[in-house]
Amino acid sequence: MPLYESQSIKIYNSLNGEKQDFEPIIPGYVGMYVCGPTVYSNVHLGNVRTFMSFDIIYRYLKHLEYKVRYVRNITDAGHLENDADEGEDRIAKKARLEAIEPMEVVQRYTVDFHNILNTFNFLPPSIEPTATGHIIEQIEIIKNIIDNGFAYKVNGSVYFDVLKYNESKSYGILSKRKVEDLIHNTRALDGQSDKKNPQDFALWKKAEPQHIMRWPSPWSDGFPGWHLECTAMSTKYLGEQFDIHGGGMDLKFPHHECEIAQAEATNDKAPVNYWMHANMLIMNGKKMAKSTGNYILPNEIFSGDNPHITKAYLPSVARFFMLQAHYRSILDFTNNGLLASEKGYFRLMDAINLMDNLKTSSTSSVDIQNWRQKCYDAMNDDFNTPVLIANLFDGAKFINQIKDGSATITHEDLDLLKSTITTFTFDILGLKNSDKEVVGSDKLSSAVEILINLRKEARVNKDFALSDKIRDELAEAGIQLQDGKDGTTFTTN
RNA sequence: GGCGUCUUGGCCGAGUGGCUAGGCAAAGGUCUGCAAAACCUUGUACAGCGGUUCGAAUCCGCUAGACGCCUCCA
């Protein structure tokens, strides 16, 4: 029996603001689409947080033995910097500034994106399609929308007719906006001439002569509208209706709203059952922005080379920090927060690394089965990683108590404890074990064992000057000795 | 201006009508030659003001503040 039959999860659905029981369209199979990055500059931490949230969701669904197809796109077609009918797209702009081809920009930052995600120990998605690889599919969708009467052509461009759509459907269903309000509140944009109404959005844009990224279409040489690629790729790989669509909160409107409209206008069906939105990452209480200097690159966290942090942090520490907040909460990235998480992370790892050396007893003083289910309950409740982590700390406490002799565990329970804590910590949360290791069998361990024995002799002889010298100098070298009831162990790092 | 979200103990951060979140920091204790680590104990928090209720941090209203979206953005 697959695990998902005994562990039922609830997902907060942005569509109705409720936690709902998750029931995939096809039992046992899950289709999940997440809006990926536009590759025109280095990934920033906010992107990382969003994708991390869905990495966890992907990992957990897989752990529950669902067959998951996870599609996360790369937006490599440039889109305009604003919604006016003129202006440069961001990739082209970057290309011009650096005097390179747009596709060089795309390549450079796609590689950067993958590198950073690898460093953070992300699982690759099942399919990672690109927008430029699906121009034909996008054109086909536009044709359909035109045929269905929800789009109009003007001067080689094609626009989605929001008012027309709203007559039979509801534009704003996801973001809870009313079209009337949008009309009243849309700012007048200069140079806007082609659209019938300001809230209409482009499906196809005719390219200006200097525009490099362009493709032929029935309407003009041009490029697709930003919202269209996700509709094209999600439909192609997951079908007209699929289970989960995710992205950052800031994409809810207009991007996801437009995706729904496009899909409905094409297939007359709601495309997605569960919409999920990851909340924003801010820094020191404010939005991250390059322009104000309130900004940090992922690599700077690993190197410590940024004025907002006081030291370098392991990727797993940054990951742990982010997972200590729920994905639907705004998270404030601060040095103090990182520092606190780092200590907690090492505490958890130290306990996990102790497990192999625990003594078992004929009875268990802790209910491991119950604890294990609490770990599942946390994740089943809309992927509540902070609560899961709290439970993992309880597990760490059990381990330490057993080591101290203030708790006991049977061999069977210890196996369950081990498999549960490592599965959740490494497979589901995607953390990596620290460099710290308890005594192993390598040369370093042998050498440290010799020093530990020398120190022991010195202590027996009450030569505390020598014993403390050994302890302190090892500490300086990054090796910490821990005196316990059953002798001395050590950790590195 | 419109729409929406949020405001929890020293800090971070869960929860949500009555029952300990957790981490970090702090205090006391056990252990130790001394430390460190670990373990035990300690905090009685939920922006303010009203209302609903037997009971609210949790529901409703108002006020204040923060943030997001409304224009590219994860």
Side-chain angles (χ1 to χ4, degrees), chain A residues 17 34-38 40-41 43-54 75 78-84 87 89-90 172 175-178 180-182 184-187 189 198-199 226 246-255 257 277-282 285-289 320-321 324-326 328-334 336-345 347-348 350-351 354 374 378 381 384-394 396-397 399-401 403-407 459-460 462-464 467-468 471-472 475 480-485 488-491:
Chain A
V34 172
C35 293
T38 302
Y40 71 107
S41 68
V43 241
H44 91 245
L45 255 197
N47 290 260
V48 171
R49 160 114 114 149
T50 294
F51 299 135
M52 189 180 292
S53 302
F54 291 101
T75 297
H79 296 295
L80 296 184
E81 288 194 304
N82 62 52
D83 210 24
D89 78 62
R90 287 174 292 156
S175 58
K176 313 283 184 286
R177 279 161 214 251
K178 295 192 175 85
E180 304 86 73
D181 293 340
L182 290 172
H184 292 138
N185 293 311
T186 304
R187 288 182 217 167
L189 293 167
Q199 58 282 349
W226 171 45
M249 196 74 100
D250 49 348
L251 295 183
K252 203 170 181 181
F253 187 90
H255 185 58
E257 198 68 60
H277 294 279
N279 218 141
M280 301 290 103
L281 181 74
I282 58 175
K286 287 176 189 148
K287 183 178 180 173
M288 278 200 202
F320 188 68
F321 167 78
Q324 277 187 294
H326 187 80
R328 281 191 287 113
S329 299
I330 292 173
L331 174 61
D332 192 6
F333 186 91
T334 61
N336 283 344
L338 240 18
L339 241 25
S341 286
E342 183 179 54
K343 291 208 177 179
Y345 165 78
R347 192 168 122 79
L348 181 60
D350 286 349
L354 276 174
K374 281 169 75 180
D381 183 15
N384 198 322
T385 54
V387 170
L388 170 63
I389 289 171
N391 286 320
L392 295 179
F393 275 115
D394 284 341
K397 184 180 273 195
I399 292 167
N400 286 323
Q401 285 174 335
K403 190 199 174 218
D404 274 14
S406 61
R459 292 175 73 197
V460 169
K462 304 229 186 283
D463 185 355
F464 298 122
S467 68
D468 290 353
R471 178 219 284 157
D472 297 342
Q480 292 86 34
L481 300 186
Q482 272 114 32
D483 293 331
K485 281 180 182 159
T488 302
T489 55
F490 75 94
T491 57

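Reminder, nothing fancy here: chain letters follow the sequence lines and each chain counts from 1. Values below: every heavy atom of this structure, side chains too, minus hydrogens, waters and symmetry copies.
The base-pairing partner of B/rC19, taking Watson-Crick or G-U wobble contacts with both distances under 3.5 Å, does not exist among the strands shown. Judged by Watson-Crick or G-U wobble contacts below 3.5 Å, the nucleotide B/rA26 has B/rU42 as its partner. Taking a pair to require two hydrogen-bonding distances under 3.5 Å in either a Watson-Crick or a G-U wobble arrangement, B/rA66 pairs with B/rU5. In this structure, B/rA36 makes no Watson-Crick or G-U wobble pair, since no nucleotide meets both defining distances under 3.5 angstrom. Of all nucleotides present, only B/rG61 satisfies the Watson-Crick or G-U wobble test against B/rC49, with each distance under 3.5 Å.
For B/rA74, the base has no donor-acceptor partner in the side chain of A/His277 [N/O atoms by modelled type, under 3.5 angstrom]. Contact annotation: side chain of A/Asp468 to base of B/rG33, donor-acceptor pair present below 3.5 Å. Between the side chain of A/Arg471 and the base of B/rA36, no donor-acceptor pair of N or O atoms lies under 3.5 Å.
Side-chain atoms of A/Asp381 do not come within 3.5 Å of backbone N or O of A/Asn384 as any donor-acceptor pair.
At a threshold of 4.0 angstrom between heavy atoms, the contacts of A/Ala325 are confined to the sugar-phosphate backbone, with no base atom among them. Among the protein residues, A/Lys397 comes within range of the sugar-phosphate backbone only, with heavy atoms under 4.0 Å from sugar or phosphate atoms but none that close to a base. If you check every strand for non-hydrogen atoms under 4.0 Å, A/Leu281 touches a base. Using a 4.0 Å heavy-atom distance criterion, A/Ser467 is classed as a base contact. Within the 4.0 angstrom heavy-atom criterion, no nucleotide atom of any strand lies near A/Gly337.
One P atom belongs to B/rA47, the other to B/rU16, and the distance between them is 16 Å to the nearest Å. Here, B/rC59 and B/rU7 have their P atoms 10 Å apart, quoted to the whole Å. Nucleotides B/rU58 and B/rG50 have their P atoms positioned 14 Å apart, rounded to a whole Å. Of the P atoms belonging to B/rC6 and B/rA14, the separation is 12 Å, rounded to the nearest Å. Spacing between B/rC34 and B/rA57 at atom C1', rounded to whole Å, works out to 46 Å. Comparing B/rG51 with B/rA56, their P atoms are spaced 12 Å from each other, to the whole Å. Rounded to the nearest Å, the gap between the P atom of B/rU44 and that of B/rU20 is 15 Å. Annotation: B/rU52 and B/rC67 have their C1' atoms spaced 30 Å apart (nearest Å).
Proximity of A/Asp350 to A/Arg347: side-chain heavy atoms (C-beta onward) are nowhere separated by under 4.5 Å.
Going from atom NE2 of A/His255 over to atom P of B/rG68 covers 20 Å, rounded to whole Å. The CG atom of A/Asn400 sits 7 Å away from the P atom of B/rA38 (whole-angstrom rounding). Counting to the nearest Å, the C1' atom of B/rA35 and the CZ atom of A/Arg459 are 10 Å from each other. For A/Met249 and B/rC69, the CE to C1' distance is 10 Å, given to the nearest whole Å.
The existence of a salt bridge linking A/Asp483 and A/Arg471 is excluded, since no basic side-chain nitrogen approaches an acidic carboxylate oxygen closer than 4.0 Å.
In this structure, the nucleotide among B/rG13, B/rA38, B/rC69 sitting nearest to the side chain of A/Leu331 is B/rG13. The side chain of A/Asp483 approaches B/rC34 more closely than any other nucleotide in the set B/rA25, B/rC34, B/rA37. Side-chain proximity of A/Arg347 to B/rG23, B/rG22, B/rC40: nearest is B/rG23.
When the side-chain nitrogen and oxygen atoms of A/Asn384 are compared with OP1 and OP2 of B/rG15, one or more of them lie within a distance under 4.0 Å. For B/rC40, one of the phosphate oxygens OP1 or OP2 lies less than 4.0 angstrom from a side-chain nitrogen or oxygen of A/Gln401.
Taking the nucleotide of RNA chain B with the nearest heavy atom to each of A/Asn336 and A/Pro386, the more 5' of the two is matched to A/Asn336.
Between A/Phe393 and B/rG23, no base-stacking contact is recorded for ring centres under 5.5 Å apart and planes less than 30° from parallel.
Annotation for A/Cys35 and A/Leu251: closest pair CB-CD1, 3.6 Å, computed over non-hydrogen atoms.
Inspection of the A/Ser406 and A/Gln401 side chains reveals no N or O donor paired with an N or O acceptor under 3.5 Å.
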